Amino acid sequence: MLLIRCPYCEEERPELEFRNAGEAHIARSADIAGDSDDDFEKFFFIRSNPKGIIYERWRHIHGCARFFNAVRDTITDKFVMTYKAGEPKPSKLPNNSNDVVAK
Amino acid sequence: MAKAVASKADTAVLPSVERRPALAGRAASGPSVKVEMLPPAQRISLRAPETAIAALSDALGVALPNKPKTSAAMSGRTALWLGPEEWLVIDEAGNDPLADCAKVPLLHSAVGISHRNVAIAVTGAGAAATINAGCPQDLSLDAFPVGAASRTILGKAEIVLLRNGPDDFRVECWRSFSDYVFTFLSEGARDAAV
Ligand SMILES: [Zn+2]
């Protein structure tokens with residue numbers, strides 16, 4: 001079973017306690033009614049869907065119940081790192097992701 | 001005619017005032033473990049910011065734990081850390097924790113959930129193995145020591161797990177899930193090998 005580190009519980013917990021909650025760092029416009037249809041479409045529907053590193057929201061729903069962010073590799077399914085909701089997108093990822101991913 | 005209606009109402013009222021806790025008295029056992037329904041208890045779901053924790057701890061008579069996966073107990077009352085700024089408070093001594101929180105004038109949210117949950121005791125040498133039949137958490141004493149508490153899952157149902165002793169767990173679940181959870185634990189108890 002995949003183990004995911006919850007930044008609020010401060011430990012790795014089994015994947016069954018978690019839910020994915022879509023791509024992270026998508027800011028809602030402060031004036032959403034004033035957005036053009038194109039901008040709204042980008043905000044609402046368009047996701048990056050990369051092959052490789054993705055920044056996602058996850059929720060420890062059957063644990064502390066909090067949302068947090070995770071950096072995950074879509075090729076290997078490995079979690080590179082996790083961090084609390086509201087913290088900025090990490091500018092630098094750990095060099096050796098195997099050190100911090102789920103064992 | 002009117003008299004008949006009245007007497008019918010009288011007989012209808014009496015049985016409905018009697019509380020019948022879900023699965024009361026049910027018990028099951030395996031070679032090394034016992035699974036039993038626990039008596040009703042008072043419970044609250046408590047949310048409070050850092051600034052109210054000290055006052056609420058004073059009012060409740062138990063220090064609200066601040067560390068993940070921990071609990072604190074005092075005179076029949078247990079506070080379980082469920083998440084940041086979130087606790088489950090269980091009182092087995094018949095004192096209402098909701099009334100105690102109401103004395104605190106600082107911002108907090110205390111919701112009575114005494115009848116939302118039921119509790120199941122899982123005890124014996126095979127207790128951890130029984131729960132691990134459906135719960136993916138590491139229940140070794142290193143990872144989940146005595147006093148540890150956590151919201152987690154058992155099969156398809158959410159539970160709150162509290163370890164009262166090396167071979168003594170309290171499983172809290174929603175009343176509507178209790179039949180499923182009890183049956184799951186009974187099956188686990190039958191299979192639990194030590
Ligand atoms: Zn958590």
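Quick caveat, the model's predicted, so the values are computed rather than measured. Each chain gets a letter, A, B and so on, in the order its sequence line appears, and its residues count up from 1.
Of all residues in residues 141-156 of chain B, those placing a non-hydrogen atom less than 4.5 angstrom from a non-hydrogen atom of chain A are B:Ser150, B:Arg151, B:Thr152, B:Ile153. Within residues 52-76 of chain A, the residues approaching chain B closer than 4.5 Å by heavy atoms are, in numerical order, A:Ile61, A:His62, A:Gly63, A:Cys64, A:Ala65, A:Arg66.
A distance of 6.5 Å separates CZ in A:Phe40 from CZ in A:Phe43, rounded to the nearest 0.5 Å.
Residue contact with chain B, scored on non-hydrogen atoms closer than 4.5 Å, involves the side chain of A:Glu11 exclusively.
One N or O on the side chain of B:Trp87 and one on the backbone of B:Pro65 form a donor-acceptor pair closer than 3.5 Å.
Side-chain atoms of A:Ser36 and A:Asp38 include no donor-acceptor pair closer than 3.5 Å.
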Take A:Glu17 and B:Gln137 through the side chain to side chain donor-acceptor pair (under 3.5 Å) test and state the conclusion after the steps.
-> CA-CA 9 Å; A:Glu17 293 184 354; B:Gln137 277 210 36; 2.9 Å; yes

Quick one: do A:Asp37 and A:Lys42 satisfy salt bridge (Lys or Arg N to Asp or Glu O under 4.0 Å)? Show the steps, please.
-> CA-CA 9 Å; A:Asp37 285 355; A:Lys42 278 199 193 95; over 6 Å; no

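Sparse packing is recorded around CZ of A:Phe44, with 12 or fewer heavy atoms of other residues, nucleotides or ligands lying under 6.0 Å away. Counting non-hydrogen atoms of other residues, nucleotides and ligands closer than 6.0 Å to CZ of B:Arg190 gives a total of 12 or fewer.
For the pair B:Pro68 and A:Tyr8, the minimum side-chain heavy-atom distance is 4.5 Å or more.
Using a cut-off of 4.0 Å between Lys/Arg side-chain N and Asp/Glu carboxylate O, A:Asp35 and A:Arg28 are scored as not salt-bridged.
Residue B:Ile113 comes nearest to B:Ser45 through the heavy atom pair CG1-N, 3.8 Å, listed as atom of the first residue, atom of the second, then distance.
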